[in-house]
Amino acid sequence: MIPLTELQKELRYDLTNACVQCGYCLPVCPTYMTMERETQSPRGRINLVKMVAEGRIENISQIMEPLELCVGCRACETACPTGVQYGKIHEAAKNALAKHKKYSPTVKMIRNVLFKKVFPKQKVMVSLGNLIWLYQKSGLQKVLQKTQILDRFPNHLGEFERTLPPLPSIKERKMVGKHILPEQKPKLKVAFFQGCVMEGIYQRINRYTIELLKLAGVEVIIPKKQTCCGALHAHSGEHNQAIELAKQNIDVFSQLDVDYIVNNAGGCGAALVEYDHLLENDPDYKEKAKVFVSKVRDISQILVEAGNLPLQYPINETVTYQRSCHMTNVQKVKDEPLQLIQSIPGLKLVEMERPNMCCGSGGIYNLIHYEESMKILSLKMDTVIDTHATTIITTNPGCLIQMQKGILNEGLKGKVRAVHLVELLAESAGIE
Amino acid sequence: MENRVIEEIKRLIPDPKRVMTDISDLYSYSYDASFGTYLPDIVVQPKSTEEIVRLVQLANQEKFPIYPRGQATGLSGGSLPVKGGLVLDLSKMNQTLIIDPDNLVAIVSPGVLTADIHKAAEQYGLMYPPDPSSSNVSTIGGNLAENSGGPKGLKYGVTKDYVIGLEVVTPEGKVIRTGGKTVKNVTGYDLTKLIVGSEGTLGIITEAILRLIPKPPATETAMVIFDDIVDSGRAISKILTSGILPSKLELMDQASIQAVEDYEPVGLPRDAEAILLVEVDGHPLAAKDEIEKVKAICIGLGAREVKIATTKEEREELWRARKLVSPAIVKIKPTKISEDATVPRSKIPEMFKRLKEIKEKYQLHLVIFGHAGDGNLHPNIITNKLDKEEMKRVEKAVEEIFRATIELGGTLSGEHGIGTMKAPFMEMELGEVGLVMMKRIKEAWDPNNILNPGKIFPEPGQKLVLSE
Ligand SMILES: Cc1cc2nc3c(=O)[nH]c(=O)nc-3n(C[C@H](O)[C@H](O)[C@H](O)COP(=O)(O)OP(=O)(O)OC[C@H]3O[C@@H](n4cnc5c(N)ncnc54)[C@H](O)[C@@H]3O)c2cc1C
Ligand code: SF4
Ligand code: SF4
């Protein structure tokens, strides 16, 4: 067995002791709401990590389930009056688990494919996108959906297949340039972080993003060698891979002379703004990471700063806004999306109850913990339905897929749509 | 607990989700917001009075302890399963929250969150005044069992002042109803008031009838800055004797002011010795008039500055400084020992002096902030529980704080309860006979010592221990 002090370091025992067990985090935790036991709450999880670090619980796999079942929404951090760094504690514990504990073959298979083969490789994501396009166009989609073959995929991958958007054609996908200049003299110069899910599946949203930036008078550079943000790796105990990805991105973006590094995916943005934490013990990258982080912005922040978006086409609809947890709780971007939504003519915003509650998507949480994720989604959809909105706005691809799944689950297909904020802005700006 | 008994409990509560024996679950019910880790043998989440009755009857038959628990925000160790046995998690028994506007009462299940009662009452223009700072998390059952107070206690009183009826499962597993829906009731002993504040040792509360009052239409808030803390103490006395009863009167000392400014600068004067936050409520004209009077009194007693909020936003901004104290002070050191010793109001300045001496004698970081208006000062010792040597000094300082409080005619606890943390000092306040009379009540109600054993009454030779 590893000596206790080693384990205590590994588990960030120092950080767990900042928790005074006041319980203020309980009411905001989605898994505490659905699973209704202290074990599945932030306070419970922090205590369990502490118990392992103190050697009272000897076998770390005894706390695996509660750690795995956390969606990682970080709402607990926002609620905590004493500033406990739950994200760090959770990540450290997951790393320790990944090291000391063996996964079941199915979970291992999914982890391997997703972490090593799919997410870091934009090419794979893009060709996955291309394949999906072919599949949608060829009519294969309808056939497969009818036979419900997809529903028998392991861990409900198939469940989500139906939420995928119609993809742009291969030709359309290649249309976007690598250096885009606005018509007037640029107000700002930014580098665009594409994100692998965004570029693979929601490429249209990326294109709209660039068009909007152009309209707002922003010069955009899209560096080629950028890679996955590493969020999923970091949250799943694949610490070393997350570090490698971060270094590659820092190398690529540091070479550019830009004001900001922009992204449009709440989850990716959250990973990017924490590169300085991730690399705090790396003497070569520590400082570079700080500079990188100081430039990271969400698209909504840039559009507000640049101003003057020509939003001329009214959208006469009731909308509601499902905040991305990682954008709210980690990036702390709260006001700008609201400002943009309210600047769209014709539209009526009705906020749902508990707007900050997670939708249950949580990276790949909805694939691995399908049942639990659906329970959280169901709570979320109840509050969405109460608003009578016909459009749900999100700011993150994971939330977008999840909200589309929610629409299917509640039988609202055709009546309610889910969109990325960028799509709605593009619609109002008349971008095709 | 024997396996046979565990199986029997599972038979009584046939929903496996609500009966927990996994090690990760047991550790998750081993603590509260105070000190110590005690592992129960089993955790059960009852959904009805009948289920509780069956469990309590089994406990009497098999002689295992039952520990009622709300959301474990208690600061005195009330819900800790110090002798193992069964933790009864009542936070999921939250099905009833009825506002009866005609009778001005609310009928609630024990697991309902205090803040949800506030919200529900407000929809009818009514108010449930007890407002512990923890009300977003704490259950009404926990509030009743601890007789919790809060900032509004100064004007509106505490939990016990708003309970008029209870349904209780007795320690022997019978159901009784006390009080009712009437405001006046003198039929027999007042068992309602006996149960309230009994910390889960005399019965399990399964339903409560709470009194509501009309919500005051207006509030006004002022922040008063003092160069000298003793002047602030005099201002408190003067305000309270001038015919004004503020709804809140809170104090921050210099250590808290500086901690807040280090943590998140909100523009408080670092050199001030004390800040008072005063809130009055009532008819809009009356509230305006009263807050101006408060201002005049404070200026007359040497206040450096008085800020009166003119909008809701400004009011929230003033209170934000007070809310930042808790997070700010734990940045200094991670462990916060929060005492709630309370003295008669006229003794507040004397208590400030005593606390200062204790702080210096034991070389500790002691911060005072709290509900100054009712004498319920909250001296907080900021320390690190991993520092064993310092914790020994903390233990001694706490004991001395209690001694000073009692010498000044005060009490060990204004609102947090006795639990395990203050049990060793009970005799100091109550005297031998006082404590024996209380113990006789416990023995009469709970002959088998089933409900929450190890609380309130000290074990022979029990001392305050803050290091595990
Ligand atoms: C940050 C913070 C701020 C706080 N602020 C205040 C404050 O301003 N004022 C104040 O008074 N307190 C305050 N407290 C203390 C605490 O919140 C209160 O004591 C609260 O009433 C406890 O409620 P709970 O649901 O968490 O009960 P628990 O802590 O779970 O239990 C408390 C006691 O009640 C018993 N109990 C619980 N439910 C029942 C039931 N249904 N029947 C019988 N017994 C039961 C338990 O056995 C235990 O003895 C604060 C605590 C924290 C952590
Ligand atoms: S990150 Fe979200 S799910 Fe996980 S403990 Fe915190 S609030 Fe709960
Ligand atoms: S709110 Fe913060 S300090 Fe309180 S229990 Fe949760 S993590 Fe711990």
Side-chain angles (χ1 to χ4, degrees), chain A residues 8 13-29 32-69 76-85 93 353-354 375, chain B residues 17-20 22-37 39 43 45 47 69-75 87 89 91-92 94 111 113 115-116 133-139 142 263-264 323-331 333-338 380 384-386 468:
Chain A
Q8 287 183 339
Y13 181 61
D14 54 331
L15 298 182
T16 63
N17 277 305
C19 172
V20 297
Q21 304 188 321
C22 65
Y24 276 29
C25 50
L26 296 178
V28 302
C29 175
Y32 183 65
M33 275 181 226
T34 53
M35 294 185 236
E36 302 199 306
R37 58 176 67 184
E38 181 86 18
T39 326
Q40 302 293 353
S41 76
R43 179 172 68 171
R45 291 176 175 127
I46 294 166
N47 178 63
L48 287 173
V49 173
K50 203 192 295 177
M51 292 298 108
V52 173
E54 286 178 1
R56 298 197 209 210
I57 296 182
E58 279 179 17
N59 182 353
I60 191 168
S61 46
Q62 284 177 314
I63 70 165
M64 180 175 87
E65 193 189 76
L67 289 175
E68 291 277 330
L69 287 177
C76 45
E77 283 186 12
T78 314
C80 176
T82 64
V84 172
Q85 302 180 51
E353 213 190 311
R354 296 190 304 253
K375 278 189 213 149
Chain B
K17 277 214 182 100
R18 297 194 279 120
V19 182
M20 302 172 228
D22 280 358
I23 198 78
S24 60
D25 291 319
L26 298 182
Y27 270 107
S28 298
Y29 289 85
S30 68
Y31 55 79
D32 69 359
S34 70
F35 275 80
T37 306
L39 215 56
V43 180
Q45 298 176 317
K47 288 271 186 195
R69 179 188 188 273
Q71 291 241 77
T73 67
L75 292 169
V87 165
D89 174 9
S91 64
K92 304 298 166 273
N94 56 3
L113 301 185
D116 288 339
S133 321
S134 51
S135 49
N136 280 321
V137 201
S138 67
T139 66
Y263 174 68
E264 197 178 313
K323 290 209 174 101
L324 284 171
V325 176
S326 284
I329 56 179
V330 288
K331 286 282 170 265
K333 280 181 189 177
T335 310
K336 186 173 86 169
I337 314 282
S338 173
N380 276 258
N384 183 347
K385 66 179 163 206
L386 301 180
E468 281 187 40

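All of these numbers come straight from a predicted model, not from anything done at the bench. Order of the sequence lines fixes the chain letters, A, B, ..., with proteins taken first and strands second; residue numbering starts at 1 for each chain. Heavy atoms only: backbone and side chains are in, while hydrogens, waters and symmetry mates are out.
Using modelled atom types, one side-chain atom of B/Gln45 and one backbone atom of A/Glu36 make a donor-acceptor pair closer than 3.5 Å.
Taking both residues in full, the closest heavy atoms of A/Tyr32 and B/Ser91 are given as OH-OG, 4.0 Å, listed atom of the first, atom of the second, then distance. Considering every non-hydrogen atom in both B/Ser28 and A/Thr39, the closest pair reads OG-CA, 3.3 Å. Between B/Thr37 and A/Arg56, the shortest heavy-atom distance links the atoms CB-NH1, 3.4 Å. When all heavy atoms are compared, the tightest approach of A/Arg37 to B/Lys17 is NH2-O, 2.7 Å. Taking every heavy atom of both residues into account, B/Thr73 and A/Cys22 meet most closely at CG2-O, 3.4 Å.
A/Met64 CE to B/Ser24 OG: the interatomic distance, rounded to the nearest 0.5 Å, is 11.0 Å. Between atom CG of residue A/Asn47 and atom OH of residue B/Tyr31 there is a gap of 5.0 Å, rounded to the nearest 0.5 Å. The distance from atom CG of A/Leu48 to atom CG of B/Asp25, rounded to the nearest 0.5 Å, is 8.5 Å. With values rounded to the nearest 0.5 angstrom, B/Leu26 atom CG is found 13.0 Å from A/Glu38 atom CD.
Evaluation of the side-chain contact (heavy atoms from CB on, under 4.5 Å) rule for A/Lys375 yields A/Thr34, A/Glu372 as partners, not counting sequence neighbours.
Interface residue A/Arg43: backbone and side-chain heavy atoms are both found under 4.5 Å from chain B. Contact of A/Asn17 with chain B is made through backbone and side chain together, with heavy-atom distances under 4.5 Å. Interface residue B/Ser133: backbone and side-chain heavy atoms are both found under 4.5 Å from chain A. For a residue to count as touching a neighbouring chain, one of its non-hydrogen atoms must lie under 4.5 Å from one of that chain's; by this rule B/Leu386 touches chain A with the side chain only. Within the 4.5 angstrom heavy-atom criterion, no atom of B/Lys323 approaches chain A. If you measure heavy-atom distances from B/Asn384 to chain A, you find no contacts under 4.5 Å at all.
With chain A as the partner, the residue from B/Ala72, B/Ala328, B/Ser134, B/Ser34 showing the most heavy-atom pairs under 4.5 Å is B/Ala72. The residue among B/Asn136, B/Asp32, B/Asp22, B/Ile329 with the most heavy atom pairs within less than 4.5 Å of chain A is B/Asp32.
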